[in-house]
Amino acid sequence: MIYLKTEDEIELLRKANLLVSTTLAEIAKMLKPGVTTRQLDTLAEQVIRDNGATPVFKGFPNPYGPEFPASICASVNNIVVHGIPDDRELKDGDILSVDCGTCLNGFCGDSCYTFCVGEVKPEVKQLLKTTKEALYKGIEAALPGRRIGDIGYAVQQHCESQGYGVVREFIGHGVGREMHEDPQVPNYGKRGQGKQLRNGLCIAIEPMITLGSHQIALLEDKWSVTTRDGKPAAHFEHSIAIHNGKADILSSFAEIEAIEGKQY
Ligand code: MG
Ligand code: MG
């Protein structure tokens with residue numbers, strides 16, 4: 001069931017998403033070699049709760065194992081998504097995808113950014129750049145009257161034409177009072193296929209792109225998803241509202257990019 005949002009609801013979604021963006025920016029400030037993902041998780045939970053929100057990921061149920069124990073997913077290098085924060089220190093040359101979800105005033109924010117830790121290999125930086133570009137290609141395709149398949153086509157075309165892998169098993173989704181609502185938003189697809197996009201539709205678009213094969217495997221913790229070939233993966237996510245005839249991005253990377261500009 002797809003719930004189209006009113007303008008007031010879209011503004012509430014924007015607030016929840018901008019809190020995710022603020023949280024990710026705080027992580028960007030703290031990120032450097034030697035920091036652990038558990039330290040980043042502690043910071044994230046603090047920022048979220050200090051702003052009167054709750055971390056949606058914490059306690060998230062898992063049909064295959066224990067519920068998710070943290071406020072962020074922290075996925076290092078070959079981990080595609082759902083990495084559990086731990087005490088391993090980040091190293092120079094690592095990449096780290098931080099996915100974060102908030103619930104504020106009854107509405108959910110959901111956004112993800114892949115960061116460089118210190119100096120990262122050019123081929124890996126290029127993977128990050130292409131994945132972020134693919135996110136914006138998907139957003140550009142998310143116009144009223146077009147279809148879900150147009151989004152996936154745009155993402156897939158941009159990445160596969162450059163030899164990257166597009167993960168199939170994890171996809172974008174509707175976002176609202178629940179973090180995961182209908183419709184599903186795959187990162188692959190055919191133009192003109194799938195549900196039609198309408199004003200009031202709010203979705204998270206989140207390409208997960210690999211440097212090698214798109215094949216993945218689930219680790220023993222029953223959360224972390226790795227690339228099967230061990231090559232790095234990147235993940236960028238924005239929540240958007242389709243309204244007033246356009247795709248309005250509710251989350252923001254502006255603050256993160258300002259910090260990265262100085263750092264890298
Ligand atoms: Mg997310
Ligand atoms: Mg999501």
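Computed over heavy atoms, backbone and side chain alike; hydrogens, waters and symmetry mates excluded. In each ligand, atom 1 is the first atom listed, and ligand 1 is the first ligand listed. Treat the numbers as computed from the prediction; the structure is a model and nothing was measured. Counting from 1, the numbers follow the sequence of the chain as shown.
If you count the protein N, O or S atoms nearer to the Mg ion (ligand 2) than 2.8 Å, you get 4.
Aromatic rings of His238 and Tyr136 (six-membered ring for Trp) have centroids within the 6.0 Å cut-off, being under it. Note: His82 and Phe68 fail the aromatic proximity criterion, with ring centroids not under 6.0 Å apart.
In this structure, Leu250 CG and Lys15 NZ are separated by 12.0 Å, a value rounded to the nearest 0.5 Å.
Both the sub-6.0 Å distance and the 45° axial angle are not jointly satisfied by Arg177 relative to the ring of Tyr3.
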Using atom types as modelled, flag every donor-acceptor pair under 3.5 Å from a side chain in residues 55-63 to any protein atom, sequence neighbours excluded.
unit_1, atom_1, unit_2, atom_2, d
Lys58, NZ, Glu45, OE1, 2.7
Lys58, NZ, Glu45, OE2, 3.4
Asn62, OD1, Tyr64, N, 2.9
Asn62, ND2, Lys222, O, 2.8

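Leu12 and Ile10 end up in the same hydrophobic cluster when Ile, Leu, Val, Met, Phe, Trp and Tyr side chains are linked at under 4.5 Å.
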